[in-house]
Amino acid sequence: MEELVIRDADVADGSGDHSYRADVVVDGGRIVSIVKEAAAAGCQRPKARRELDAEGLVLAPGFIDMHAHSDLALLRDPDHSAKAAQGVTLEVLGQDGLSYAPVDDRTLGEVRRAIAGWNGPGDDVDFDWRSVGEYLDRLDRGIAVNAAYLIPQGTVRALVVGWEDRAATPGELDRMRGLVAEGMEQGAVGMSSGLTYTPGMYARGAELTELCRVVASYGGYYCPHHRSYGAGALEAYEEMVALAREADCPLHLAHATMNFGVNEGRAPELLSLLDDALDAGADISLDTYPYTPGCTTLVALLPSWANEGGPEETLRRLADEETAERVRHHLEVTGSDGCHGVPVEWETIEISGVGDPALGGYVGRTVLESARERGESPWTVARELLLKDRLAPTILQHVGHEENVRAIMRHRVHTGGSDGILQGAKPHPRAYGTFPHYLGHYVRESGVLSLEECVAHLTARPAARLRLPDRGLVREGFKADLVLFDPATVAAGSTFAEPRTLPTGIPYVLVDGRFVIEDGRRTDALAGRAVRGTSR
């Protein structure tokens with residue numbers, strides 16, 4: 001007898017088609033049968049060792065977070081309710097060009113320092129891997145939800161070239177190509193870049209094109225955080241589209257939006273660019289989170305020259321009065337490349353987390369608020385915080401526009417990604433709320449998307465981008481990665497004031513046919529594993 005039958009569910013199967021009533025039977029980690037309208041038709045109803053009454057609940061494929069920063073959280077926190085409770089059954093890691101494989105001992109230490117604001121310093125993690133394959137094997141020991149991995153181009157560059165702003169030599173480019181090929185062979189699904197983060201931003205277009213050709217040859221995709229979301233944003237998108245087309249590589253635009261005052265109301269220009277490319281045969285998709293503020297590290301705002309050479313060189317420059325004044329001028333007057341070419345507006349920069357608990361008084365306040373309280377300039381406060389906390393502070397950037405968010409999420413190649421940074425005392429609520437916020441606010445309350453459309457954006461579309469033949473749909477033979485939610489009550493509990501509050505209206509989540517959320521509570525199941533690319 002089969003393990004589980006889910007009775008009388010309203011199935012939103014991920015296709016975008018109308019929902020239907022059905023009994024769904026799960027066994028051996030897969031969907032083994034779907035009996036539509038069984039009760040109404042008087043059919044013999046399927047039986048199983050366990051029956052779950054899903055009256056009033058929508059059954060959907062598990063949500064796929066196309067942009068996650070859980071690279072260490074999945075290892076240190078077996079519970080991982082931040083994502084499991086949202087109905088997420090698969091996360092894509094290795095984002096924004098910086099993660100923890102492939103590395104050597106030197107590069108690992110540098111990367112840990114550079115992205116401590118994203119993932120913590122990692123002192124509580126045993127870094128017993130160096131290659132992509134070894135990292136995926138580590139995930140296979142048991143994690144809360146499934147995870148796929150992108151080769152981080154910035155980490156590859158740090159390993160081969162270092163943190164200097166220069167072109168790679170032919171020999172270095174060959175070595176980087178080899179590392180990308182090796183990572184794809186070991187199970188990565190593509191490559192990411194962070195082109196406003198060092199050292200990935202130092203790569204010229206020709207270098208990126210060559211690496212993308214390798215990715216494409218293994219059936220992967222390129223996922224860039226491109227060179228600007230502010231001044232020059234449209235040109236930055238154009239560069240990525242042209243680069244991917246030249247390399248004949250599928251393109252997935254990370255947290256695709258148009259931010260800062262210079263881009264208010266300009267989403268239609270971006271969507272027109274994408275539509276023209278799609279109509280000409282380009283393979284493009286994108287992800288967004290359903291909020292207006294962004295989130296990154298405070299040090300990321302600095303001009304790229306200030307970060308050249310790695311974290312220790314950045315701290316040295318900040319400690320030097322003359323050099324620090326140059327940094328300030330770039331930030332406040334000319335607009336640094338780290339701040340997307342826009343002069344920083346300190347009233348939009350809210351400190352969301354610090355590494356040193358003694359600095360917790362900055363958290364939840366903008367840099368301008370702290371500066372006024374102390375009678376100092378905003379740059380003085382920001383510089384002191386960077387030095388005292390050794391580059392660890394994370395920030396919220398209140399620079400987005402609701403009309404842009406709504407326009408982009410309606411697009412035909414849109415998918416969902418939380419960009420969820422789980423570190424800090426007051427992280428962005430998207431880390432705990434992205435998927436229920438889509439369903440609660442943008443489906444039920446605002447009607448921006450229909451329920452079936454939204455489910456497709458969060459399931460089948462990302463599964464297709466990841467080239468996963470048995471995920472993303474409620475179909476017989478597909479993996480039983482499933483979520484049951486109440487369409488009348490599903491909502492994000494997380495807010496900017498209380499960002500770690502779990503969602504409501506998602507009572508059941510299954511990974512590989514096992515309940516990771518049951519009756520609204522996290523079980524002890526560690527059913528997730530590494531999901532490797534089809535090139536392996």
Side-chain angles (χ1 to χ4, degrees), residues 28-30 61-95 99-103 112 115 118-120 122-152 183 186-190 192 417-423 427 431-432 434-435 458-459 462-463 466 468 470-472 479-483 500 502 506 508-518 521-533 536:
R30 293 190 178 270
F63 304 137
I64 297 176
D65 188 342
M66 286 296 286
H67 193 103
H69 287 284
S70 303
D71 306 48
L72 299 185
L74 274 169
L75 301 179
R76 69 159 64 93
D77 177 19
D79 184 75
H80 204 50
S81 289
K83 294 301 180 65
Q86 294 185 59
V88 171
T89 59
L90 171 60
E91 299 183 278
V92 185
L93 312 177
Q95 299 286 351
S99 189
Y100 306 95
V103 292
R112 286 177 60 181
I115 56 175
W118 296 356
N119 299 306
D123 296 337
D124 51 354
V125 174
D126 179 10
F127 288 88
D128 58 352
W129 70 86
R130 293 295 180 269
S131 71
V132 170
E134 289 168 347
Y135 176 69
L136 297 179
D137 289 345
R138 175 69 179 273
L139 296 177
D140 276 340
R141 297 180 196 173
I143 48 180
V145 302
N146 297 307
Y149 190 73
L150 296 166
I151 301 164
Q186 291 173 354
V189 295
S192 75
S418 71
D419 196 11
I421 294 175
L422 300 169
Q423 292 298 304
Y432 285 73
T434 286
F435 296 88
L458 307 181
T459 59
L466 295 168
L468 302 177
D470 59 354
R471 299 176 195 264
K479 281 283 190 181
D481 294 345
L482 302 167
V483 56
R500 296 184 186 276
L502 296 179
I506 305 179
Y508 300 100
V509 180
L510 293 89
V511 174
D512 196 33
R514 298 167 61 189
F515 286 96
V516 296
I517 300 292
E518 187 170 7
R521 298 182 181 86
R522 178 72 172 92
T523 71
D524 60 0
L526 295 176
R529 296 293 184 271
V531 174
R532 291 167 168 82
R536 192 177 188 212

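None of these values were measured; they are calculated from a predicted model. Quick note: numbers below take in every heavy atom, side chains included, and nothing from hydrogens, waters or symmetry partners.
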Relative to the ring of Tyr508, is the ring of Phe515 parallel (under 30°), tilted (30 to 60°) or perpendicular (over 60°)?
perpendicular
Ala527 versus Asp512, closest heavy-atom pair with distance
O-CB, 4.1 Å
Can you check whether Met66's main-chain N or O pairs, donor with acceptor, with Gln95's side chain at less than 3.5 Å?
yes
Identify the heavy atoms of Ala188 and Ile151 that sit nearest to each other, and give their distance.
CB-CG1, 3.5 Å
Residues forming a side-chain contact (heavy atoms from CB on, under 4.5 Å) with Asp524, sequence neighbours excluded:
none
Given side chains that start at C-beta, do those of Val88 and Phe435 come closer than 4.5 Å, heavy atoms only?
yes
Can you name the nearest heavy-atom pair linking Gly142 to Arg529, along with the distance?
CA-NH1, 3.3 Å
For Ala144 and Arg522, the nearest pair of non-hydrogen atoms, with its separation, is CB-NH2, 3.3 Å
Ion pair present between Arg30 and Asp470, side-chain N to carboxylate O less than 4.0 angstrom?
yes
Any sub-3.5 Å donor-acceptor pair from Gln86's side-chain atoms to Ala431's backbone N or O?
yes
CG on Asp65 to CG on Leu93, rounded to 0.5 Å
9.0 Å
Nearest 0.5 Å, what's the CG-CZ distance between Leu502 and Arg521?
12.0 Å
Report the relative orientation of the aromatic rings in His69 and His67; use parallel for angles under 30°, tilted for 30 to 60°, perpendicular for over 60°.
perpendicular
Under 4.5 Å between any side-chain heavy atoms of Leu90 and Asp481, yes or no?
no
To the nearest 0.5 Å, what is the distance between CG (Asp140) and OH (Tyr135)?
11.5 Å
Sort out for me which residue in Val509, Thr459, Thr89 forms a side-chain contact (heavy atoms from CB on, under 4.5 Å) with Val483.
Val509
Hey, can you pull the donor-acceptor pairs under 3.5 Å for the side chains in residues 71-80, sequence neighbours left out?
{"residue": "Asp71", "atom": "OD2", "partner": "Gly94", "partner atom": "N", "Å": "3.1"}
{"residue": "Asp71", "atom": "OD2", "partner": "Ser99", "partner atom": "OG", "Å": "2.6"}
{"residue": "Arg76", "atom": "NE", "partner": "Asp124", "partner atom": "OD1", "Å": "3.3"}
{"residue": "Arg76", "atom": "NE", "partner": "Asp124", "partner atom": "OD2", "Å": "3.0"}
{"residue": "Arg76", "atom": "NH1", "partner": "Asn119", "partner atom": "O", "Å": "3.1"}
{"residue": "Arg76", "atom": "NH2", "partner": "Asn119", "partner atom": "O", "Å": "2.9"}
{"residue": "Arg76", "atom": "NH2", "partner": "Asp124", "partner atom": "OD1", "Å": "3.4"}
{"residue": "Asp77", "atom": "OD1", "partner": "Asp79", "partner atom": "N", "Å": "3.2"}
{"residue": "Asp77", "atom": "OD1", "partner": "His80", "partner atom": "N", "Å": "3.4"}
{"residue": "Asp77", "atom": "OD2", "partner": "His80", "partner atom": "N", "Å": "3.3"}
{"residue": "Asp79", "atom": "OD1", "partner": "Ser81", "partner atom": "OG", "Å": "3.4"}
{"residue": "Asp79", "atom": "OD2", "partner": "Ser81", "partner atom": "N", "Å": "3.2"}
{"residue": "Asp79", "atom": "OD2", "partner": "Ser81", "partner atom": "OG", "Å": "2.4"}
{"residue": "His80", "atom": "NE2", "partner": "Glu91", "partner atom": "OE1", "Å": "2.9"}

Those residues at least two apart in sequence (or on a different chain) that pass ring-ring contact (aromatic ring centres under 6.0 Å, His included) with Tyr432 are none
Main-chain N/O of Ala101 paired to Tyr149 side chain as donor or acceptor, under 3.5 Å:
yes
Are side-chain heavy atoms of Leu422 and Ser70 found at a separation under 4.5 Å?
yes
Taking the side chain as every heavy atom from C-beta outward, state whether Leu466 and Ile64 have any pair of such atoms under 4.5 Å apart.
yes
Fit a plane to each ring of Tyr100 and Phe127, take the angle between them on a 0 to 90° scale, and name the class: parallel (under 30°), tilted (30 to 60°) or perpendicular (over 60°).
tilted
So do Gln186 and Leu136 actually touch side chain to side chain, heavy atoms under 4.5 Å?
no
Point-to-point distance, once rounded to the nearest 0.5 Å, from CG of Leu139 to CZ of Arg141
9.5 Å
Are Arg471 and Asn146 side-chain neighbours, meaning at least one heavy-atom pair lies under 4.5 Å?
yes
Tightest non-hydrogen contact, residues Ile421 and Pro427, listed as O-CB, 3.4 Å
Taking it one step at a time, do Lys83 and Thr434 satisfy side-chain contact (heavy atoms from CB on, under 4.5 Å)?
CA-CA 9 Å; Lys83 294 301 180 65; Thr434 286; over 6 Å; no
